[in-house]
Amino acid sequence: MYEEQQTVCHPEVTTRSIIKCQRTRGQWSQDDILIEETPIALEYNGIAYTVMMGTPRDLEAFALGFSLSEGIIDHPRDVHDIDVTHNAQGCTVSIELANRCVARLKARRRSMAGVTGCGICGTEQLSQVARCLMPLPTTAQFCFDFLDHSLASLEQHQRLNQLTGTTHAAAYLDEQGEVQALFEDVGRHIALDKLLGWASRQQVKGGAVLVTSRASFEMVQKVAACGFEILLALSGPTSMAVELAERLNVTLCGYCREGRLNIYAHPERVRYQDTVQRDVS
């Protein structure tokens, strides 16, 4: 059985240094640091499935999270092994699935070249976009009063973005609003899949997912497929994301800023410290 290394807020940095970047009007030049982007091919039991553009780190977590959020597997134990190889063309992630998942894989097989790691690019039919998922239970809560601390911690943990200014991040917040894990990538969907892969191995329960991007339809679908009840986004949601969140019983919040957020679906999970204190008393 494949065992994933338990890591959070990874300290290592994957970048590429570009020498002599010319500044405005060519007045001077300096070194610049750019995020590395490469094609990442996923194959299951030797079957080529998709190629996505992403940052070549945390690829085992990405493979697991993608497999779960896309409905290829139901549980991490459905993956027997993950092998990552690098070559001049990019990275290949080979995933060995349990036999019971192979038929499902063949039914869902598609050819995809996602320029930013889109969650549905390459889907052949409209009926394949929305998956049949059951609404989630209501067991998690997020205290609004922890939001400012969460946002400050989020920025501190984005090591790649501090260097390059070009990454998205997906973070797991515990019930106290602490960032327990954070993954970065050039693609917002890939960053989220990396986090979901980590969370599935750690059997994380409760808490919330915080993303630095907008909350689109497929991101709501991904978190719901992996059992997360609360999705917080720094930017706004799409109308389709709100509709799906309502249907799947996901609390969806957007425009998370210091001292404020907008709640678009299922506000009952967002609590306030004064309300909690009144309930206790």
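Note that the structure is predicted; figures quoted are calculated from it, not measured.
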Open item on the list: Let's go through Arg269 and Asn249 carefully: what are the C-alpha distance in whole Å and the side-chain angles of both, what is the deciding distance for side-chain contact (heavy atoms from CB on, under 4.5 Å) to 0.1 Å, and is it a yes or a no?
Closed with: CA-CA 10 Å; Arg269 292 190 183 90; Asn249 194 27; 3.1 Å; yes
Using a 3.5 Å distance criterion without hydrogens, assess whether the side chain of [X] forms a donor-acceptor pair with backbone atoms of [Y].
{"X": "Glu268", "Y": "Gln141", "value": "no"}
{"X": "Ser150", "Y": "Gly177", "value": "yes"}
{"X": "Asp145", "Y": "Tyr272", "value": "no"}
{"X": "Ser200", "Y": "Pro76", "value": "no"}
{"X": "Arg257", "Y": "Leu234", "value": "yes"}

Within the structure provided, determine whether [X] and [Y] are in side-chain contact (heavy-atom separation under 4.5 Å).
{"X": "Leu68", "Y": "Leu196", "result": "no"}
{"X": "Met53", "Y": "Val186", "result": "no"}
{"X": "Asp185", "Y": "Phe62", "result": "no"}
{"X": "Leu160", "Y": "Arg57", "result": "yes"}
{"X": "Leu173", "Y": "Val179", "result": "yes"}
{"X": "Ile73", "Y": "Leu64", "result": "yes"}

- [ ] Could you tell me whether Asp74 and Arg104 make a salt bridge, using a distance below 4.0 angstrom between a side-chain N and a carboxylate O?
- [x] yes
Euclidean distance, [Y] [atom2] relative to [X] [atom1], rounded to 0.5 Å:
{"X": "His266", "Y": "Leu248", "atom1": "NE2", "atom2": "CG", "answer": "8.5 Å"}
{"X": "His189", "Y": "Met52", "atom1": "NE2", "atom2": "CE", "answer": "7.5 Å"}
{"X": "Thr167", "Y": "Ile190", "atom1": "OG1", "atom2": "CD1", "answer": "12.5 Å"}

Listing, residues 87-99 side-chain donor-acceptor contacts under 3.5 Å, not counting sequence neighbours, or none:
residue : atom : partner : partner atom : Å
Asn87   : OD1  : Gln89   : N            : 2.8
Asn87   : OD1  : Gly90   : N            : 3.0
Ser94   : OG   : Glu43   : OE2          : 2.9

- [ ] Begin with the C-alpha distance, continue with both residues' side-chain angles, and end with the deciding distance and a verdict on side chain to side chain donor-acceptor pair (under 3.5 Å) for Glu229 and Thr139.
- [x] CA-CA 8 Å; Glu229 302 173 28; Thr139 61; 2.4 Å; yes
TODO: Name the orientation class of the two ring planes belonging to Tyr49 and Tyr44 (parallel below 30°, tilted from 30 to 60°, perpendicular beyond 60°).
DONE: perpendicular
- [ ] Apply side-chain hydrogen bond (donor to acceptor under 3.5 Å, both in side chains) to Thr166 and list each qualifying residue two or more places apart in sequence or on a separate chain.
- [x] Thr164
- [ ] Verify the distance criterion only: is there a donor paired with an acceptor across the side chains of Thr55 and Glu184 at less than 3.5 Å?
- [x] no
